[in-house]
Amino acid sequence: MIVYGGTLSPFVRKALAAAAEKGIAVESKPTRFGKPDPEFDAVSPFRKIPALRDGDFTVCDSSAIVHYFEAIKPQPALIPAEAKDRARVIWFEEFADTILVNAAGPMFFNRVVAPLLGMPSDEEAAMKSETAIVPVLDYLESLVPAPGGYLVGDSLSLADLAVASPFANLRHLKFDLTRWPKTMAWSEAMLARPSFAEMVARESAMFGG
Ligand SMILES: N[C@@H](CCC(=O)N[C@@H](CS)C(=O)NCC(=O)O)C(=O)O
């Protein structure tokens with residue numbers, strides 16, 4: 001099974017962490033940003049990452065990929081069966097994929113990705129992003145559990161993986177989380193899990209960190 005896309009993408013990182021937590025062996029295959037790549041284009045028609053190939057089967061979108069993993073290997077479950085817990089997990093994933101990633105994205109793109117790719121960066125957009133992320137982190141701070149706890153129920157779920165993943169990008173940005181101590185402790189505990197730790201360390205090495 002191949003997961004396409006570089007792990008600096010919070011969506012790719014989430015999908016790979018989910019595979020690792022479930023013990024599903026996948027090959028992680030970065031794509032060449034903006035360069036033609038027939039193998040990747042065949043799997044991701046809109047050139048979004050991540051995309052997955054499992055033999056003849058292909059699908060893109062991190063949520064679709066994680067749901068596929070959950071169906072082919074139900075245990076350990078990342079999406080609870082109980083109605084309220086399941087709904088809350090889906091909300092947290094949506095919150096992470098849209099609200100959190102959209103708030104942090106311009107900071108990360110303009111201060112990390114653009115310099116890495118030799119592209120022009122927009123510091124004004126990055127500064128707006130610093131402001132935009134404040135209420136998002138305030139919201140998280142109001143509900144994250146103590147380290148050792150999980151966002152939904154008493155076991156790890158897709159909610160934790162989805163919300164923790166963009167925090168690796170905040171780490172690469174050296175974004176100061178001290179104003180949100182519970183969020184900082186919880187996200188550090190999540191990123192220390194083996195499913196994230198090696199991947200995030202490899203990313204940090206790209207920036208000499
Ligand atoms: N909802 C999608 C979002 C995927 C996405 O937007 N990925 C970004 C990278 S973080 C991408 O591929 N951007 C390249 C582009 O938009 O051309 C998912 O969960 O996989």
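Note that the structure is predicted; figures quoted are calculated from it, not measured. All heavy atoms count here, side chains included; hydrogens, waters and symmetry mates do not.
The hydrophobic cluster containing M199 also contains I2, counting ILVMFWY residues as joined when their side-chain heavy atoms lie under 4.5 angstrom apart, directly or transitively. Taking hydrophobic clusters as Ile, Leu, Val, Met, Phe, Trp and Tyr residues chained together by side-chain heavy-atom distances below 4.5 Å, V101 does not share a cluster with F108. In this structure, L173 is a member of the same hydrophobic cluster as L117, with clusters built from ILVMFWY side-chain heavy atoms closer than 4.5 Å. Both V163 and M184 sit in one connected hydrophobic cluster of ILVMFWY residues. Membership requires side-chain heavy atoms under 4.5 Å apart, directly or through other members. Residues M119 and L8 share a hydrophobic cluster, clusters being chains of Ile/Leu/Val/Met/Phe/Trp/Tyr side chains in contact below 4.5 Å.
Side-chain contact between V134 and V136 is absent, with no heavy-atom pair separated by less than 4.5 Å. The shortest distance between side-chain heavy atoms of L116 and M206 falls below 4.5 Å. Proximity of V89 to P80: side-chain heavy atoms (C-beta onward) are separated by under 4.5 Å at one or more points. For the pair L16/F196, no side-chain contact is recorded, criterion being any heavy-atom separation below 4.5 Å from C-beta on. Side-chain contact between I49 and S9 is present, with heavy atoms from C-beta onward closer than 4.5 Å. The side-chain heavy atoms of I79 and S157, taken from C-beta on, include no pair separated by under 4.5 Å. Side chains of L143 and F92 form a contact here, defined as non-hydrogen atoms less than 4.5 Å apart. Within the 4.5 Å cutoff, the side chain of L52 has no heavy atoms near those of the V43 side chain.
For E82 and R86, the salt-bridge test fails: no basic side-chain N is under 4.0 Å from an acidic carboxylate O.
For E27, the CD atom is densely surrounded, since the number of other residues' heavy atoms within 6.0 Å is greater than 12.
Distance check, rounded to the nearest 0.5 Å: CD1 of I24 to CZ of F69 gives 5.5 Å. Atoms NZ and CZ, on K84 and R88 in that order, are 10.0 Å from each other to the nearest 0.5 Å. We find the OG1-CE distance between T131 and M107 to be 8.5 Å, quoted to the nearest 0.5 Å. Interatomic distance, CG of L100 versus CG of L140, reported as 6.5 Å (0.5 Å rounding). Within the model, atoms CZ of R32 and CZ of F40 stand 11.5 Å from one another, a figure rounded to the nearest 0.5 Å. To the nearest 0.5 Å, atoms CE (M190) and CG (D160) are separated by 4.0 Å.
Closest approach of F109 to P115, counting heavy atoms only: O-CD, 4.1 Å. When all heavy atoms of A15 and I65 are compared, the closest pair comes out as CB-CG2, 4.2 Å. Between S121 and N110, the shortest heavy-atom contact is CB-O, 2.9 Å. Contact between A51 and S44 at its shortest, heavy atoms only, is CB-CB, 3.8 Å. Here the shortest heavy-atom pairing between A162 and A96 reads O-CB, 3.3 Å. The nearest pair of heavy atoms linking D85 to G153 is OD2-CA, 4.4 Å.
Listed by first then second residue, pairs satisfying salt bridge (charged side-chain N to carboxylate O under 4.0 Å, His left out) with a partner in residues 45-66 read D41-R47, not counting sequence neighbours. A side-chain hydrogen bond (donor to acceptor under 3.5 Å, both in side chains) check over residues 11-26, counting only residues at least two apart or in different chains, returns the pairs R13-S165, R13-N169, R13-E203, K14-S62, K14-E93, K14-D97, E21-R193, E21-S195, K22-E70. Among pairs with a residue in residues 149-173, those fulfilling ring-ring contact (aromatic ring centres under 6.0 Å, His included) read H172-F207, at least two apart in sequence or across chains.
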Audit row: V152, L158, side chain to side chain contact (heavy atoms under 4.5 Å, CB included) steps and yes/no: CA-CA 9 Å; V152 177; L158 174 57; over 6 Å; no

Evaluation steps, side chain to side chain contact (heavy atoms under 4.5 Å, CB included), between L78 and L161: CA-CA 9 Å; L78 292 176; L161 301 180; 3.9 Å; yes

Evaluation steps, side chain to side chain contact (heavy atoms under 4.5 Å, CB included), between I72 and M1: CA-CA 12 Å; I72 61 170; M1 231 183 289; 3.7 Å; yes

Stepwise side chain to side chain contact (heavy atoms under 4.5 Å, CB included) check, W186 with L151: CA-CA 9 Å; W186 172 85; L151 284 174; 3.7 Å; yes

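For Y139, the ring pair (Phe, Tyr, Trp, His ring centres under 6.0 Å) partners at least two apart in sequence or on another chain are F95. Every side chain to side chain donor-acceptor pair (under 3.5 Å) that E39 has, sequence neighbours left out, goes to Y4, K29. Applying the ring pair (Phe, Tyr, Trp, His ring centres under 6.0 Å) criterion to F57, with sequence neighbours excluded, gives Y68.
Not a single donor-acceptor pair under 3.5 Å links the side chain of S129 to the backbone N or O of A125.
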